[in-house]
Student: 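What follows is a single structure, and I will ask about it in a moment.
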Number of protein chains: 2
Amino acid sequence: MPATIRDVAKAAGVTIGTVSRALNNYADVNYHTRERIRRIAQELGYRPNQMARSLSSKHVKNIALILSGFLEDTMLNDFETMLMKGIYQFASEHGIDIAMYVINSKTQREKSYEQLCYEHNIAGAILFGLKTNDPYCAALSASHRPCVTIDTEVRSPCTSNVTLDDVAAFDELTQYLIDRGHRKIVLVHGRKNAMVSMERLAGAHQAFVRNGLTLTHDAIIYTNFLREEAAAGVDAYFRTHDPDSVTAFLCMSDMLAIGAMEAVKSMGCRVPADYSIVGYDGLEVTNYTDPKITTVDQNIKKKGYEAARLLYDMLHGIRPAQKLVLPHTLVERGSVQTLGSE
Amino acid sequence: MPATIRDVAKAAGVTIGTVSRALNNYADVNYHTRERIRRIAQELGYRPNQMARSLSSKHVKNIALILSGFLEDTMLNDFETMLMKGIYQFASEHGIDIAMYVINSKTQREKSYEQLCYEHNIAGAILFGLKTNDPYCAALSASHRPCVTIDTEVRSPCTSNVTLDDVAAFDELTQYLIDRGHRKIVLVHGRKNAMVSMERLAGAHQAFVRNGLTLTHDAIIYTNFLREEAAAGVDAYFRTHDPDSVTAFLCMSDMLAIGAMEAVKSMGCRVPADYSIVGYDGLEVTNYTDPKITTVDQNIKKKGYEAARLLYDMLHGIRPAQKLVLPHTLVERGSVQTLGSE
DNA sequence: GCGGCCTACGAAAACGTTTTCGGAGACCGG
DNA sequence: CCGGTCTCCGAAAACGTTTTCGTAGGCCGC
């Protein structure tokens, strides 16, 4: 039903080749012809069929957002949403559309990265949720296709990473607690061999050492980034430890902080009066808890936006692959108590 | 680089037509040939190029998720996320991929629904976030393309709606408050001419009348579904009304409930001891507030899943367009106080 | 007046599929 | 032995673009 390039050509009395060149701003088409074609295309409501376009052209191809683990509930909630908002914000500003594909570790094994890209004529992709041992990580480094990973480090000539300085940020967060008089700090840890967990652990460790503290294995609660696990972990901690053995919970994510807070409250204790809690990520939801959680804001939306912009620039050859480290912000809210000097 | 149908054909010693038919389970290809082609395709890692496929075929086309207003912050948060999870859950189970397009009222004016579909060879779509006066609503009823709207009512032979019985659900929620002794109820209202607002209002009204109560204009706080507005509204209410003039806030969405709760707390009052609050939607975030909010769970994820399934069935001709009303669940949590009989 | 170089456009191949049509060969009944 | 009906596959058109190549015509300089 809608007009094809042929209809435009017929109406303008030229061939389809000319229409295509005119509309794509090729140099070798007369100014008047070009304008006439433009006008007619406009009148007919002509829109090029993207399928045909990307089939034919080696040049204009699609850009994709590939989400791994979206369906699993780990790393819950508005992280991905915010990321998407940033990405689609950029897309909308630049008149491009971005297709979204949901995968997981299993489907990665079934269909290779290159196959996925080939299937959908993907010129470049933004990938989020990749674990360091996922098949696609290796595939990425072998690929010549521009792509941007978020929060996963992949070194290769065509791969950019956007991330933040997790070590420094978590160091800063830890220091924040220490500055407020906390010495007895329990770390609520994320998935054990996740990149982000290790970096954050390093940050905490760094801050501990600098302040002459030691992070004992005893004071670490391991989780898989799940709220329930944090709650259960804190609960278990108190069953095996003196209530006075801790004054603050240093959580590797906001969801863990929420879980920890739940557990503390369910014991009849108050936050931050009895125990302080800090989170990490800057999820929206930390504004809705009571008290609001002091956390490190990753500025997730900006992260998405910058990832999209970076990929866009790479595809247009105006920016090389690079590691982009975004700034973070420690946002003070109400979940930390300053301890008097005893 | 990846194998095309031609490579498979060459390796199998047949023509591309045969390969295509074999792989698409056409009847007129010999069993052994089919198996041989299957095996070779497998070995070569052949995957059909979706662009070419949907360009050529009138049959196998794409299915899209079209989100309107995703970038605007109204109707915040995990509503869309949950919807997506449901939709992509279905997609993943059925081996289809669903492309996502983000639009708004403005882009709807710039590019018609048909054009959008044509551009991307969209056979059917799931639409969410449409306002009743959006251009695409009219376009949908004129279209012959199967589609499913979520929470927007569009009557046409090819359009299904998945929704819930908003009137009944809100009635039930209102009744819940009344059953617990609340008579002085303030309604925190959503966007004025939104379909959902009107339905929920009807539900509230219905319950009021049935119980011999009246809903006075004075006891309604209008918002645009924004948390801040709810907070400001409640704040303003208390500046102009007696604190005893209300015992419960009946909110048209969870976000509004969160806003209302904020305002109540910032006045130094407690929930639910001093004021009860109920929300609506069943957002995840209502589990993280303190107290957890009693609300009507829309089962958003299921909503997405069912919408995808419905569209899928329509596209395959095994289910007609219909209005699908999903069940809701009132979930009791901690934000409502039962008032003693005075 | 002729070879050369522009400019502007047409012709046609190519992208990778699906699908229609036709027919070669096998088989069978009479 | 012949006409008919299957089964299976090849040939080729079609989908709507982009892009390469070729060339007609104009203009210039000599």
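Note that the structure is predicted; figures quoted are calculated from it, not measured.
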Student: Checking all strands, does B/Y31 fall into the base, sugar-phosphate, or nothing category for heavy-atom contacts under 4.0 angstrom?
Tutor: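 Nothing, no nucleic acid heavy atom in range.
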Student: Below 3.5 Å, does any donor atom in the side chain of B/D28 face an acceptor in the base of D/dC9, or the other way round?
Tutor: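 Per atom types, the contact qualifies.
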Student: State which residues pass ring-ring contact (aromatic ring centres under 6.0 Å, His included) with B/F90; sequence neighbours excluded, sorted by chain then number.
Tutor: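 Here the qualifying residues are B/H94, B/Y305, B/Y312.
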Student: Between P on D/dC9 and CG on B/L23, what's the gap in Å once rounded to a whole number?
Tutor: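 Rounded to whole Å, this separation is 14 Å.
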Student: Toward the 5' end of DNA chain D, which comes first, B/G17 or B/A27, by nearest nucleotide?
Tutor: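 Comparing both residues, the 5'-ward one is B/A27.
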Student: Using whole Å, what does the distance between atom C1' of nucleotide C/dC9 and atom NZ of A/K10 come to?
Tutor: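 To the nearest whole Å, that distance equals 18 Å.
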Student: Between B/T152 and B/T149, do the side chains contain a donor N or O and an acceptor N or O under 3.5 Å apart?
Tutor: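 Result is no, nothing qualifies.
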Student: Counting side-chain heavy atoms from C-beta on, which of D/dT17, D/dG10, C/dC9 comes nearest to B/V14?
Tutor: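 It is D/dG10.
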Student: Is B/S56 near enough to D/dC15 that one of its side-chain N or O atoms lies under 4.0 angstrom from OP1 or OP2?
Tutor: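 No, B/S56 has no side-chain N/O under 4.0 Å of OP1/OP2 on D/dC15.
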Student: A/N121 has an atom CG; how far is it from atom C1' of C/dA14, in whole Å?
Tutor: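 From A/N121 CG to C/dA14 C1': 14 Å.
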Student: Measure from the side-chain heavy atoms of B/N30 and tell me the nearest of D/dG16, C/dT18, D/dC9.
Tutor: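 My answer, after comparing the listed nucleotides, is D/dC9.
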Student: Please check if any side-chain donor atom of A/R36 sits under 3.5 Å from a side-chain acceptor atom of A/T33, or the reverse.
Tutor: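 No donor-acceptor contact under 3.5 Å links the two side chains.
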Student: Phosphate oxygens OP1/OP2 of D/dC15: is one of them under 4.0 Å from a side-chain N or O of B/Y118?
Tutor: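 For D/dC15, OP1/OP2 do not have a side-chain N/O of B/Y118 under 4.0 Å.
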Student: Where the side chain of A/L55 is defined as all heavy atoms beyond and including C-beta, which of C/dC9, C/dC15, C/dA11 is the nearest nucleotide?
Tutor: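 For A/L55, the side-chain atoms sit closest to C/dC15.
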Student: Nearest heavy atom decides the nucleotide; on that basis, is A/V29 or A/I16 closer to the 5' end of DNA chain C?
Tutor: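 It is A/V29 whose nearest nucleotide is closer to the 5' end.
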Student: Side-chain N or O of B/N49 versus OP1/OP2 of C/dC15: is the shortest distance under 4.0 Å?
Tutor: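 So the side chain of B/N49 is outside the cut-off, no N or O lying under 4.0 Å from OP1 or OP2 of C/dC15.
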Student: Is any NZ, NE, NH1 or NH2 atom of the basic residue among B/E35 and B/R39 found under 4.0 Å from an Asp or Glu carboxylate oxygen of the other?
Tutor: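 No.
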Student: Please state whether the base of D/dG10 and the side chain of B/R21 form at least one donor-acceptor pair under 3.5 Å?
Tutor: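 Yes, a donor-acceptor pair under 3.5 Å.
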Student: When the distance from CZ of B/R6 to C1' of D/dA12 is rounded to whole Å, what number comes out?
Tutor: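 Atom CZ in B/R6 sits about 12 Å away from atom C1' in D/dA12.
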Student: Of the options C/dG16, D/dT20, C/dT18, whose atoms approach the side-chain atoms of B/S20 most closely?
Tutor: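 My answer, after comparing the listed nucleotides, is C/dT18.
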Student: What is the separation between atom CZ on A/R53 and atom P on D/dC15, rounded to the nearest whole Å?
Tutor: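 One finds 19 Å between P of D/dC15 and CZ of A/R53, rounded.
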Student: By the 4.0 Å heavy-atom rule, please label A/R47 as base, sugar-phosphate, or nothing.
Tutor: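 Counting heavy atoms under 4.0 Å across all strands, the contact made by A/R47 is with sugar-phosphate only.
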Student: Side chain of B/T15 only, heavy atoms from C-beta on: which candidate in D/dT17, C/dG10, D/dG10 is closest?
Tutor: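 So the side chain of B/T15 is nearest to D/dG10.
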Student: For C/dC9, does OP1 or OP2 lie under 4.0 Å from any side-chain N or O of A/T33?
Tutor: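 The answer is yes; a side-chain N or O of A/T33 sits under 4.0 Å from OP1 or OP2.
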Student: What nucleotide among C/dT17, C/dT19, C/dG10 has an atom nearest to a side-chain atom of B/Y26?
Tutor: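 In terms of side-chain proximity for B/Y26, the closest of C/dT17, C/dT19, C/dG10 is C/dT19.
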Student: Which whole-number value in Å describes the distance from B/N62 CG to C/dT17 C1'?
Tutor: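 Distance check: B/N62 CG to C/dT17 C1' gives 13 Å.
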Student: Indicate whether any N or O donor in one side chain lies under 3.5 Å from an N or O acceptor in the other, for A/Q89 and A/E93.
Tutor: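 Checked: A/Q89/A/E93 side chains pair up, N/O donor to acceptor below 3.5 Å.
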Student: Per the side chain to side chain contact (heavy atoms under 4.5 Å, CB included) rule, which among A/V102, A/L130, A/L127 passes with A/I66?
Tutor: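 Option passing the side chain to side chain contact (heavy atoms under 4.5 Å, CB included) with A/I66: A/L127.
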Student: In this structure, how many angstroms lie between the P atom of C/dC9 and the CZ atom of A/R36, rounded?
Tutor: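 Rounding to the nearest Å, CZ of A/R36 and P of C/dC9 are 8 Å apart.
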Student: Take atom CD1 of B/I5 and atom C1' of C/dT19, then tell me their distance rounded to the nearest Å.
Tutor: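 Atom CD1 in B/I5 sits about 11 Å away from atom C1' in C/dT19.
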